[in-house]
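Read through the structure below, which is laid out as structure tokens, and then see the notes.
Atom set for the values below is all heavy atoms of this structure, side chains included, hydrogens, waters and symmetry mates excluded. Naming convention: chains lettered A, B, ... in sequence-line order (proteins, then strands); numbering from 1 in each chain.
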Amino acid sequence: MHPLLRSFEKLRPKFEEGGPLRPLWPVYEALETFVFTPATTTSGPPHVRDALDMKRYMITVFYALIPCILFGMYNAGFQYHRAAGMAEAPLWAHLLRGARLVVPIIVTSYAVGGFWEVLFAAVRKHEINEGFLITGILFPLTLPPTIPLWQVAAGITFGVVVAKEIFGGVGFNVLNPALASRAFLYFAYPAQMSGDAVWIAAPAGHGLAEGVSGATALAVAKSAPAGVDIVAHLAEAGHTLRSMTLGLEPGSLGETSAVAVLLGMAVLLVTGVGSWRIIVGGLLGLALTAGSINLLPAGTLQAYPILALPFWYEMVMGGALFGIVFMATDPVSAAATNEGKWIYGFLIGALTVVVRLFNPAYTAGNMLAILFMNAMAPLIDYAVLRAHVANRARYLERGRRA
Amino acid sequence: MGAQRKISGSEPLFVIRRGRDVPLSGAPEASVAAEPVSGPVAVQPLWVRGMKPRPMVAVGDRIRRGTPLVYDKRDPDFRLCSPVAGWVRSIDFGPRRILQRVVVEPDGADEVEPFAKATAGELERMPGDEILGRLRSSGMLSLIVERPFSRMPRRDSKPKSIFVNAMATAPFQADPLLIASQETDAIATGLAALRRLTAGPVYLCAGSGRDLPQRIAGAGGVTLARFSGPHPSGNSGVHIHHLDPIRPGEHVWTVRLADLALIGKFLLEGAMPGWRLVALGGPGVAEGRACHYRVPWGVALSAWLPARLAAGEMRVVAGDALSGTAVAPDGFLPPWASSVTVLPEDRERHLLAWANPLDGRFSFSQTFVSAWRRGGAWPLGTSLQGAPRAMVATGLYDRYLPMRIRLDFLIRAVLARDWEEAIQLGILELEPEDVALAAFACPSKMDLVGIIREGLAMAEAEGL
């Protein structure tokens, strides 16, 4: 027996029924099965089982997020140094500085969210669910690097408790908890979640260096004066297609780099953990909607330059790609039927563009689109299921003999 | 859904795309072991659903092969008969004094109780009721399954069609081609009898590979339908769904080829068959022992298995590894079992295996390297490979069920006890075995088989 397993076996009775630490059983159970796969055998048919379990499923999403996490750290450090006029610092310096900015946010998210998870698991006598592994990291990746830690704590508390646990926990929630957390902060503390000042963590007491703007590409596009060429206007402010694709941009921690998101997307698609229908549907919805808005009469496009934004800009700007790949594909809050996933994904893409282009107040089009579609997903599934039942009835009748 | 209908010649061919074969190691060879198996046998009324068994013999009675041992209090014409000659060793009752089994010790002399004989030609002119009467009085009727609710055909049952299953895609089942080649006469006789039992068609559902003997494949009045593709393309539920789906209020009968051989043999020879061909397979079987055995019907497993298993703690499953029933090593072979799959009890704990990208366990999921190299056989054990969780992943189950059924939603309807919805979503077309592959793959380790079984039982109790 593995020596570590032996120490677990020794500790176990303390947490079992009648032991002094009984209320903490979920913590013990989570920890033990985290380290060693459980010894449980099947109790009936099927007598053999596939090796895929929820832990494997969730850790794969985590692995897919690693490029975004690492790049987010690097970018936060890079933006810090750039603001201080030290953009030429070596890569490791950016990464280190970024880690100092980002790690506390991630740790706060996991610690506070984890506390609520454990509390609810202990009270409900449930196992601790692996889904939190993902919520706890997705949420920080949607935040600006300047976010106060107490707001991180408040946000994740809202997401875990209100968006998930009061509905019955993982598998029963309507909204994506990470996104609900972000939406809570977005509306409760707009000063720290929006505007031009929050996206770059500048050194204390330092303003932004000469020529450095903290505005995101989306904000720049939104405020473009009538008559300008939107692409040139963005480039003037430092937002080129290249910079937005690579992601060296002010913005939320994990969302700025299209390359990092695409790497994660590849992992999700190759392993089959993320629904390709939602992702393809989302990208199609985004491209077709933005593309058809580009076809509006030239006069309208002149008056509102943002409407002329090409769809590939829409895709790499802001959190759209990150949201479609990592948030929309959360299977619990998404549509469950295959046809429903297409509709759900497509509408998320389309609504993202609509909110971005036509809503004067909020730039966070993708977040709102996904949350709205989270709420609509059961309706989509209901419609698909009714069509399925009708289709089944037709199939059964087709073969009826006279 | 997930299937394409093609016509090759006059036979329909269904190409099933959804599903996966489970590459379990220790597949039984298509040969029959020479060594004879003998030992005590049990007649087990507990396996006949809905029967109220009453004993007809006492301990110590001498009996012949074919002597009725148990009758049904609700239907006294229905009897279960001894497959061997010998004496009654014990009559075992279970909880609430329900008769579990009558154990018979063979004494070597093969005295036979005669039943009426009939050739295939005679059966073709015989009224269906007379054939049914013979099957009922010998207990052979319990080898025919009425669907929905997989029960023994009721007295007033008028099946709209009968499905003979000559396929074996689950790991493992008796090889239908081997049985067909050994029992050609019996099966041809059985097919002739089935034709008299329904006004509708009799379908013979076979794989697309090697061929059945012409006397079976070309039997008059029988429609041959071919299915190709991975498991569960060999399940009767899939055959019925594609050929003649069950609508609410209708029912069909199914018979496996291995069981039809016994029925045919009984009708042809006018004597209770004493043994059946049973496939023994699985990673828990000793080297070179995985093949077919001629074993007394209902034999004590202790008389057959011990010398043929590998060392270690094993689970003996009557039937296949996906949908079979675990039986105690000191128990008896269930009468319906045409295969026994032996699996090592696997309680091994792996360090951080779930997080290891190169983890080497078997999975259908591309999150494991094993999914990337097809082929090979895996010595799968009984580990649950995780812990039960809430239903999270969606759309996964439907990849393993080639029918117009959305299993995610059907399962939810059953869990919510919404019978109207469950029936609309197709629960009456399913048997627990049909969802076993989806349960195998379920990352939340849900008991889909149990949920469907319970759902069907409740629907049956509600009289739906």
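Contact annotation for B/Leu351: both backbone and side-chain heavy atoms come within less than 4.5 Å of a heavy atom of chain A. The parts of A/Phe34 that come within reach of chain B are both its backbone and its side chain, each placing non-hydrogen atoms under 4.5 angstrom from that chain. Looking at B/Phe409, only its side chain comes within 4.5 Å of chain A, counting heavy atoms on both sides. Only the side chain of A/Thr60 comes within less than 4.5 Å of a heavy atom in chain B; its backbone stays farther off. With a 4.5 angstrom heavy-atom cutoff, B/Glu348 touches chain A only via backbone atoms. With a threshold of 4.5 angstrom between heavy atoms, B/Trp372 approaches chain A through side-chain atoms but not through N, CA, C or O. For chain B, no part of A/Ala334 is nearby; none of its heavy atoms comes within less than 4.5 Å. Within the 4.5 angstrom heavy-atom criterion, only side-chain atoms of B/Arg412, from C-beta onward, approach chain A. Looking at B/Glu421, the atoms closer than 4.5 Å to chain A (heavy atoms on both sides) all sit in the side chain, from C-beta outward. Neither the backbone nor the side chain of B/Leu448 comes within less than 4.5 Å of any heavy atom of chain A. With a 4.5 Å cut-off on non-hydrogen atoms, B/Pro357 touches chain A through its backbone and its side chain both. When heavy atoms are compared at a cutoff of 4.5 Å, A/Tyr57 approaches chain B solely by way of its side chain, counted from C-beta outward. Heavy atoms of A/Leu52 lying under 4.5 Å from chain B belong to its backbone as well as its side chain. Residue A/Asp330: no heavy atom, backbone or side chain, is found under 4.5 Å from chain B.
Interface check for chain A: of the options B/Val317, B/Thr341, B/Leu396, the most heavy-atom pairs under 4.5 Å are formed by B/Val317. Contact tally against chain A (heavy-atom pairs below 4.5 Å) for B/Arg347, B/Glu345, B/His350: the top residue is B/His350. When each of A/Val170, A/Asn338, A/Leu385 is scored by its heavy-atom pairs under 4.5 Å with chain B, the top score falls to A/Leu385. By number of non-hydrogen pairs under 4.5 angstrom with chain A, the leading residue of B/Ala326, B/Ser365, B/Ala390, B/Pro171 is B/Ser365. Among A/Leu4, A/Thr33, A/Leu5, the residue with the largest count of heavy-atom pairs under 4.5 Å with chain B is A/Leu5. The residue among B/Gly319, B/Ala441, B/Ala355 with the most heavy atom pairs within less than 4.5 Å of chain A is B/Ala355. Among B/Gly450, B/Gly426, B/Ser444, B/Pro388, the residue making the largest number of heavy-atom pairs under 4.5 Å with chain A is B/Gly426. For chain B, the option among A/Ala393, A/Ala336, A/Gly171 with the highest count of heavy-atom pairs below 4.5 Å is A/Ala336.
Within residues 263-285 of chain A, the residues having any heavy atom closer than 4.5 Å to a heavy atom of chain B are A/Val270, A/Thr271, A/Val273, listed by residue number.
The main-chain N or O of A/Met54 is never found under 3.5 Å from a side-chain atom of B/Arg389 such that the two would form a donor-acceptor pair. Panel note: side chain B/Arg247, backbone A/Leu396; a donor-acceptor pair is recorded below 3.5 Å.
Considering only heavy atoms from C-beta on, A/Asp53 stays 4.5 Å or farther from B/Gln385 through its side chain. A heavy-atom distance below 4.5 Å is not found between the side chains of A/His2 and B/Arg349. Contact of the A/Thr42 side chain with the B/Arg315 side chain is registered, since non-hydrogen atoms from C-beta on lie closer than 4.5 Å.
Among all heavy-atom pairs drawn from B/Val392 and A/Val332, the shortest one is CG1-CG2, 3.7 Å. Residues A/Arg392 and B/Leu425 approach most closely at NE-C, 3.8 Å, considering heavy atoms. When all heavy atoms of B/Gln424 and A/Val389 are compared, the pair lying nearest together is OE1-CG1, 3.7 Å. Closest approach of A/Pro45 and B/Arg453 over heavy atoms only: CG-NH2, 4.1 Å. The two atoms that bring B/Ala387 and A/Pro38 nearest to each other are N-CG, 4.3 Å, heavy atoms only. When all heavy atoms of A/Thr37 and B/Arg361 are compared, the closest pair comes out as CG2-NH1, 4.2 Å.
Salt bridge status for B/Lys445 with A/Glu127: absent, with no side-chain N to carboxylate O gap under 4.0 Å.
The CE atom of A/Met58 lies 12.5 Å from the OG1 atom of B/Thr367; values are rounded to the nearest 0.5 Å. Interatomic distance, A/His47 NE2 to B/Thr325 OG1, rounded to the nearest 0.5 Å: 6.0 Å. Rounding to the nearest 0.5 Å places OG of B/Ser363 at 8.0 Å from CZ of A/Arg56. To the nearest 0.5 angstrom, B/Phe364 atom CZ is 6.5 Å from A/Asp50 atom CG.
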Step by step, would you call A/Val384 with B/Arg406 a side chain to side chain contact (heavy atoms under 4.5 Å, CB included)? CA-CA 11 Å; A/Val384 171; B/Arg406 309 262 169 140; 3.8 Å; yes

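For the pair B/Arg404 and A/Tyr395, the cation-pi test (distance below 6.0 Å, angle within 45°) is passed.
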